[in-house]
Asker: 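Sharing a structure with you now.
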Amino acid sequence: MKSFNERCYIILKKVPKGKITTYNAIAKKLNSKAYSAVGNAMNKNPYAPNVPCHRVIRSDGTIGDFASGPIAKIKILKKEGIEIKKGKIDLKKYEYKL
DNA sequence: CGGTTGACCAAGT
DNA sequence: GACTTGGCCAACC
């Protein structure tokens with residue numbers, strides 16, 4: 001049985017390039033409400049290059065946070081082809097349904 | 001086993 | 001629309 005954190009990474013791995021997901025969605029996928037725990041897992045993220053933690057945003061569509069700063073996160077997402085408006089993302093367009 | 005932390009969320013002010 | 005409060009839950013010490 002893998003820990004809660006590892007499951008978050010597995011879910012996250014499924015997210016394709018050019019798409020994003022939310023902390024809330026991941027927590028729900030794990031049948032839990034530990035949004036914060038998901039965020040915590042990302043912060044530790046031992047699978048740094050392996051897991052695209054930068055593709056996870058908040059349920060409001062805001063960037064949220066990132067270990068290297070939210071600005072770096074935005075940069076990466078833009079590179080992935082995601083358009084960001086005023087520091088927010090269009091969930092309708094880019095949210096990847098798990 | 002209890003208390004603290006956190007890349008969160010929703011509702012209230 | 002920005003800020004505060006309370007709540008949720010897993011990981012860590």
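As the structure is a computational prediction, the values presented were derived from the model and not from experiment. Chain identifiers are assigned alphabetically (A, B, ...) following the order of the sequence lines, protein sequences preceding nucleic acid strands; residue numbering begins at 1 within each chain.
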Asker: Figure out the OH/C1' separation between A:Tyr9 and C:dA10, and round it to whole Å.
Answerer: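 Between C1' of C:dA10 and OH of A:Tyr9: 12 Å.
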Asker: How many whole angstroms separate atom CG of A:Asn45 from atom P of C:dC12?
Answerer: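 Those two atoms, CG and P, are 13 Å apart.
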Asker: Of the nucleotides B:dG6, C:dC9, B:dC9, which has the atom closest to the A:Asn40 side chain?
Answerer: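 Nucleotide nearest to A:Asn40's side chain: B:dG6.
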Asker: A:Ile26 has an atom CD1; how far is it from atom C1' of B:dC9, in whole Å?
Answerer: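 To the nearest whole Å, that distance equals 15 Å.
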Asker: Give me the ring orientation class for A:Tyr9 and A:Tyr47: parallel if the planes are under 30° apart, tilted from 30 to 60°, perpendicular past 60°.
Answerer: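 The arrangement is tilted - the two ring planes meet at 30° to 60°.
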Asker: Does A:Ser36 or A:Lys44 map to a spot on DNA chain C nearer the 5' end, using the closest nucleotide for each?
Answerer: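 This one resolves to A:Ser36.
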Asker: Under 4.0 Å between a side-chain N/O of A:Ser59 and OP1 or OP2 of B:dC9, yes or no?
Answerer: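 Checking A:Ser59 against B:dC9: at least one side-chain N or O falls below 4.0 Å of OP1 or OP2.
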Asker: Is the distance between the ring centroids of A:Tyr23 and A:Tyr35 under 6.0 Å?
Answerer: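 Aromatic pair excluded; centres sit 6.0 Å or further apart.
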Asker: With a 4.0 Å cut-off, would you call A:Arg55 and A:Glu80 a salt bridge?
Answerer: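 Judged by the 4.0 Å cut-off on N to carboxylate O distance, A:Arg55 and A:Glu80 do form a salt bridge.
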Asker: Given atom CZ of A:Phe4 and atom C1' of C:dA10, what is their separation to the nearest angstrom?
Answerer: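 In whole Å, C:dA10 C1' lies 6 Å from A:Phe4 CZ.
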Asker: Heavy atoms only: give me the nearest A:Lys2-A:Arg7 pair and the separation to one decimal.
Answerer: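 Nearest heavy atoms, A:Lys2 then A:Arg7: O-NE, 3.6 Å.
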Asker: Nearest whole Å is fine: how far is B:dA7 P from A:Asp60 CG?
Answerer: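 Interatomic distance, CG of A:Asp60 to P of B:dA7: 17 Å.
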Asker: Atom CE of A:Met42 to atom C1' of B:dG6: distance rounded to whole Å?
Answerer: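 These atoms are roughly 13 Å apart.
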Asker: Evaluate the side-chain proximity of A:Ile84 to A:Asp90: yes if any heavy-atom separation is below 4.5 Å, no if none is.
Answerer: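 A side-chain contact is absent here, since even the closest heavy-atom pair is not under 4.5 Å.
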Asker: Rounded to whole Å, please give me the gap between NZ in A:Lys28 and C1' in B:dC8.
Answerer: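 Computing the A:Lys28:NZ to B:dC8:C1' distance gives 13 Å.
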Asker: Please state whether the phosphate of B:dA7, meaning OP1 or OP2, lies under 4.0 angstrom from any side-chain nitrogen or oxygen of A:Arg58.
Answerer: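 Checking A:Arg58 against B:dA7: no side-chain N or O falls below 4.0 Å of OP1 or OP2.
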Asker: May I have the distance from A:Asn24 (atom CG) to B:dA7 (atom C1'), rounded to whole angstrom?
Answerer: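 So the two atoms are 14 Å apart, to the nearest Å.
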Asker: I need the minimum non-hydrogen distance between A:Lys73 and A:His54, along with the two atoms involved.
Answerer: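 It is CE-O, 3.5 Å.
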Asker: Of the listed nucleotides (C:dG7, C:dA10, B:dA7), which one gets closest to any side-chain atom of A:Tyr35?
Answerer: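 Output: C:dG7.
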Asker: Look at A:Asn5 and C:dA11 and indicate whether a side-chain polar atom (N or O) is within less than 4.0 Å of OP1 or OP2.
Answerer: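 Indeed, a polar side-chain atom of A:Asn5 lies that close.
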Asker: Which part of the nucleic acid does A:Tyr23 contact within heavy-atom distance under 4.0 Å: base, sugar-phosphate only, or nothing?
Answerer: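 Base contact.
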Asker: Given side chains that start at C-beta, do those of A:Tyr94 and A:Leu77 come closer than 4.5 Å, heavy atoms only?
Answerer: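 SC-SC contact between A:Tyr94 and A:Leu77 ruled out.
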Asker: Just to be sure I understand the geometry, which residues of residues 88-98 of chain A put a non-hydrogen atom under 4.0 Å away from DNA chain C?
Answerer: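 Those residues: none at all.
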Asker: Give a yes/no on whether any side-chain N or O of A:Ser3 is located under 4.0 angstrom from OP1 or OP2 of C:dA10.
Answerer: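 So the side chain of A:Ser3 is outside the cut-off, no N or O lying under 4.0 Å from OP1 or OP2 of C:dA10.
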